[in-house]
Structure formats: structure tokens, C-alpha cells
Amino acid sequence: MVGSANALPGSRAQFERLLAGGAPLDAAIEVCKVAEADPDDTSVGLGGIPNEDGVVQLDAACMDGRTHNSGAVAAIENILHPIEVARLVMERTDHCQIFGVGAYRFAREHGHPHTELLTDSTRALWLRWKENLSDQDDRLPPPPKSETPKSAPSKGEPPKTGFVPTRFERHGTIHCSVLALDGEVACATSTSGLGFKIPGRVGDSAIVGAGLYCDAEAGSAGSTGRGEASILACASAMIVEQLRGGSSPKDAGLEILRRIAKQTERQARWQPALLGPDGRPAFDIQFYIVGLDGRFAGVTLHGRGQGRFAVAEPAAGPRLEPLEPFFT
Ligand code: GLY
């Protein structure tokens, strides 16, 4: 099992079941469900950062190498486990993806309860973001607790209290790719997507070939981070294609990161903010990859921070390993 760092708790719970003969798709989906139900994970499901209207909209997809079938939901609201609905799309329809209100109605038809996914802390985060968006509207950040300000706080300054993530810090997701002992592969990805996104925005997590992909003849891959970059590179499908051609998971992941860095230079001709002062992409993106021979990798565009990924293999159970950076 290989996936994002937030896949570790679910991997711990699923690993023995997988070793006992569990299906790889069941394992990947159950791993995602742990993060979806965790109100402290602001990148997935309950407690995910909402869109610009303050509404949590979720994307999720799964793919089963045994049947080469996939299912996805996009911009679904008020459903705790979108990854289960993605599986229902795969198994109970002839479609690959259902979007928005249609996805919600489909989930309700299958018995998923209506659930409020905004928590007190993500509602407060959204309010801070909204209050600090513009100095031209009538919203104000809260006054300091200790004294009443003599004049209204300036809207042009950073927020006085609380953290508001910058544009490129609002990505997060859970991905899990699984290779079972019998050689079958499956994968699943779930996310609340880009924080404060435009309502209806769909990221890579709901797009098979971008945020996840597996092939019974090659392996499995998935991503976290800036979904637009993953979509524009058809990233996960391209990684799996390289595995098919004989590349190692690490080389396949680093090659996609190289392409993303080059593609971003071209995109920056019309959107300069995509590049930082060092000329490198201002955002980050990660890939989690497993080949049919059991080799695996977790790679990231930037080496900054303490990036880790979750892995579980028979030789040494579930644990975190450092991500391999493209830019060191
Ligand atoms: N990778 C998650 C997203 O961009 O929505």
C-alpha cells in the first residue's frame, strides 16, 4: 500500500486484512474513508476547507485493475463518504463520473445520509478568508480581544488573528494505491479540493488518468497537490504508462514532475504567479506509485519541508517514508 501521509492511519487498519486476502479496492477505499471522517483533516471530507461560498464540495474516484473499471463523483455536497459513492458509480451504473446535484441525489438514492461537512473551525477559517479578501467591501476581521481599535482595521494587511492559507497552500487530498499479494492493483483518491475554490471547480481527484490510475498490466499511481497541474499532464496515466515501459516508480514519478515544471514555465507566460521568485513552480504536487514487482515511490516537486508518504509492505509494516523531491 502506498499513499499520502494521511493514508497512514487507514493503512494501519487495512494492512492485515489485505495480507489475509482482502481485495485491493476494498483496502484503498477503506483507507480513504478514515480521512473522510476525520474532522481535523482539512483536505478531505468532513472538515474539508469549503469553496468560496462556504460550502464543502468533494471530489473522489476509485479504479479497480481487476475489471479495468472506474467511478467518480465531483463537486458533491453533504455526503460524508464520496469515495463510497464513487464505487457505486463504478459498480451500479454504466457511467464513470457523476457531478454535483446529480451525484448527491444518486448518493441519497443509495442510502447515504445528508451530512453537514462544515465544522466550526473550517467555518471560522472561511470567514477569516472572506473578511480579508478585499479592502473595498464592508467585512472586517474581528477586533483584537484586549482592546477596542480606535479605527477600523485595515483590510490590506494580513489577518491579525488566525492562519489563512495562501493560494498555493490550499491543496490537500488522500490517495491510496494498493498492490495485493495476488498481483491485483486498485486505487482511490478523495478530496475537498482547492480551499475557497470557485463553486463547481473539479480537480484531478475526480479525473481518472490525472489524480489516479491503475492498470493490471503495469501498476498504480495517484496524486495530491495542485490538481490543475496533474490534469494538464494527464499525470497518473502517464506514470503508469512509464511503468509499463519498464521505468522504476521513482524514475516515472520524477519524469512527470520534470514535465510539470516545464509545462508550468509555458503556463506562466499568461499566469506569472505560477512561478516563484526562483523561477520554479510556486505550488507543490506529489505522486504515489507502485509497480507490479512491488517497487514503490513517493515523489514531490519541492524538497522543502518534511514531506512524507505512507507505505505498507509485508517486509516492514505501515510507516512513513520521506518523499523523493524533484527540486532538492
Ligand atoms: N489534488 C486535489 C485538487 O487539486 O483538487
Side-chain angles (χ1 to χ4, degrees), residues 1-19 22-38 41 43-45 48 58-66 70-73 81-87 90 172-181 184-192 203-216 219-225 227 230 235-236 239-240 243 249 253 285-292 294-300 307-314 317-321 323:
M1 306 175 78
V2 62
S4 44
N6 54 355
L8 185 63
S11 298
R12 285 197 174 114
Q14 291 303 314
F15 190 52
E16 292 302 324
R17 211 169 291 177
L18 186 67
L19 290 181
L25 183 68
D26 292 342
I29 284 177
E30 292 302 321
V31 166
C32 288
K33 281 172 61 183
V34 173
E36 288 178 341
D38 179 357
D41 189 329
S43 69
V44 187
L58 306 172
D59 298 339
C62 60
M63 186 159 189
D64 190 351
R66 291 176 305 180
S70 71
V73 288
H81 288 305
I83 195 65
E84 285 189 330
V85 189
R87 182 178 193 156
M90 181 176 82
T173 296
I174 183 167
H175 172 76
C176 183
S177 273
V178 179
L179 169 69
L181 291 177
E184 298 288 357
V185 286
C187 53
T189 304
S190 183
T191 190
S192 50
D204 62 326
S205 305
I207 299 180
V208 169
L212 72 167
Y213 193 72
C214 69
D215 188 306
S220 182
S223 74
T224 58
S230 169
S236 292
I239 288 172
V240 171
L243 296 180
I285 187 164
Q286 297 78 34
F287 295 101
Y288 314 95
I289 308 156
V290 61
L292 295 185
R295 287 187 295 170
F296 61 86
V299 299
T300 183
R308 298 275 186 275
F309 69 106
V311 59
E313 54 179 339
R319 64 194 186 277
L320 294 178
E321 291 269 319
L323 288 160

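Computed from a predicted structure; not experimentally measured.
For the atom pair D59 CG and I207 CD1, the distance stands at 8.0 Å (nearest 0.5 Å). Note that CD1 of I174 and OG of S192 are 11.5 Å apart. Values are rounded to the nearest 0.5 Å.
Between L212 and S70, every side-chain heavy-atom pair lies at or beyond the 4.5 Å cut-off. Within the 4.5 Å cutoff, the side chain of H175 has no heavy atoms near those of the S223 side chain. Side-chain contact between L181 and L19 is present, with heavy atoms from C-beta onward closer than 4.5 Å. No side-chain heavy atom of V44 sits less than 4.5 Å from a side-chain heavy atom of D38. Residues S4 and Q286 form no side-chain contact, since every pair of their non-hydrogen atoms from C-beta on lies 4.5 Å or further apart.
Counting heavy atoms of neighbouring residues, nucleotides and ligands inside a 6.0 Å radius, atom CZ of R319 exceeds 12 of them.
Annotation: salt bridge (Lys or Arg N to Asp or Glu O under 4.0 Å) contacts of D26 (sequence neighbours excluded): R87. Residues satisfying the side-chain hydrogen bond (donor to acceptor under 3.5 Å, both in side chains) test with S220, not counting sequence neighbours, are S177.
Under the 30°/60° scheme for interplanar angles, the aromatic rings of Y288 and F309 are found to be tilted.
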message: Quick one, V73 with L58, criterion side-chain contact (heavy atoms from CB on, under 4.5 Å). Give me CA distance, side-chain angles, the key distance, then yes/no.
response: CA-CA 8 Å; V73 288; L58 306 172; over 6 Å; no
